[in-house]
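Small disclaimer: the values here were computed from a predicted structure and weren't measured. Each residue takes its place number in the sequence, starting with 1.
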Amino acid sequence: MDLYLIHWPVRLKQDAESLNFKKEDLIPFDIKGTWEAMEECYRLGLAKSIGVSNFGIKKLSILLENAEIAPAVNQV
């Protein structure tokens with residue numbers, strides 16, 4: 001895979017409608033754990049690049065504080 005992205009930095013309850021979700025449908029998103037898994041995909045050669053999409057400054061800052069590999073892109 002050329003580029004593997006975390007498309008949206010949100011997590012929804014399993015029964016939530018993905019396009020019509022409400023605030024109460026949101027559950028905590030594990031940025032650190034998810035990015036560690038992305039880094040492992042990169043190290044294993046499963047992805048040539050890893051990145052994020054639709055991350056604001058706050059979430060991008062949290063990611064960068066914990067990342068060993070910086071995202072190649074923040075697609076907005």
Side-chain angles (χ1 to χ4, degrees):
M1 182 178 311
D2 289 329
L3 176 61
Y4 191 31
L5 291 175
I6 300 172
H7 193 156
W8 286 102
V10 296
R11 186 172 169 213
L12 300 175
K13 292 178 181 175
Q14 190 161 351
D15 60 342
E17 291 184 39
S18 61
L19 297 177
N20 272 337
F21 65 89
K22 300 175 182 92
K23 188 174 183 176
E24 56 268 12
D25 292 329
L26 295 172
I27 54 178
F29 174 63
D30 181 12
I31 293 175
K32 183 180 177 194
T34 302
W35 191 252
E36 286 173 355
M38 299 282 286
E39 290 176 326
E40 185 64 15
C41 288
Y42 174 81
R43 285 188 194 99
L44 292 171
L46 300 173
K48 292 180 184 177
S49 299
I50 53 176
V52 297
S53 183
N54 303 303
F55 271 53
I57 293 171
K58 184 177 179 180
K59 289 189 177 173
L60 195 55
S61 295
I62 292 168
L63 185 146
L64 290 172
E65 287 174 6
N66 297 292
E68 292 181 25
I69 302 168
V73 296
N74 181 16
Q75 177 182 312
V76 189

Below 3.5 Å, can you tabulate the donor-acceptor pairs from side chains in residues 54-64 to any protein atom, sequence neighbours excluded?
residue	atom	partner	partner atom	Å
Asn54	ND2	His7	O	3.0
Lys59	NZ	Pro9	O	3.0
Ser61	OG	Ile57	O	2.9

Ignoring hydrogens and angles, write down the donor-acceptor pairs under 3.5 Å from the side chains of residues 19-28, residues two or more places apart or on other chains.
residue	atom	partner	partner atom	Å
Asp25	OD2	Lys22	N	2.8

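Leu46 and Val73 fall into different hydrophobic clusters, where Ile, Leu, Val, Met, Phe, Trp and Tyr are joined by side-chain heavy atoms under 4.5 Å apart, directly or via other members. In the hydrophobic clustering of ILVMFWY residues, with side-chain heavy atoms under 4.5 Å counting as a link, Val52 and Trp8 come out apart.
Nearest heavy atom pair, residue Ala16 against residue Leu12, reads CB-CB, 4.1 Å. Of all heavy-atom pairs between Tyr4 and Cys41, the closest is CE2-SG, 4.0 Å.
A search for side-chain hydrogen bond (donor to acceptor under 3.5 Å, both in side chains) contacts involving Glu39 returns Trp35, not counting sequence neighbours. Legend: residues meeting side chain to side chain contact (heavy atoms under 4.5 Å, CB included) with Gln75, ordered by chain and number and at least two apart, are Leu5, Ser53. Looking at residues two or more places apart in sequence or on another chain, you find a side-chain hydrogen bond (donor to acceptor under 3.5 Å, both in side chains) between Asp2 and Lys48. By the side-chain hydrogen bond (donor to acceptor under 3.5 Å, both in side chains) test, Arg43 pairs with Glu68, sequence neighbours left out.
Annotation for Phe29: atom CZ counts as buried by contact number, over 12 foreign heavy atoms lying within 6.0 Å.
Between the CD1 atom in Ile69 and the CD atom in Glu40 there is a gap of 9.0 Å [rounded to 0.5 Å].
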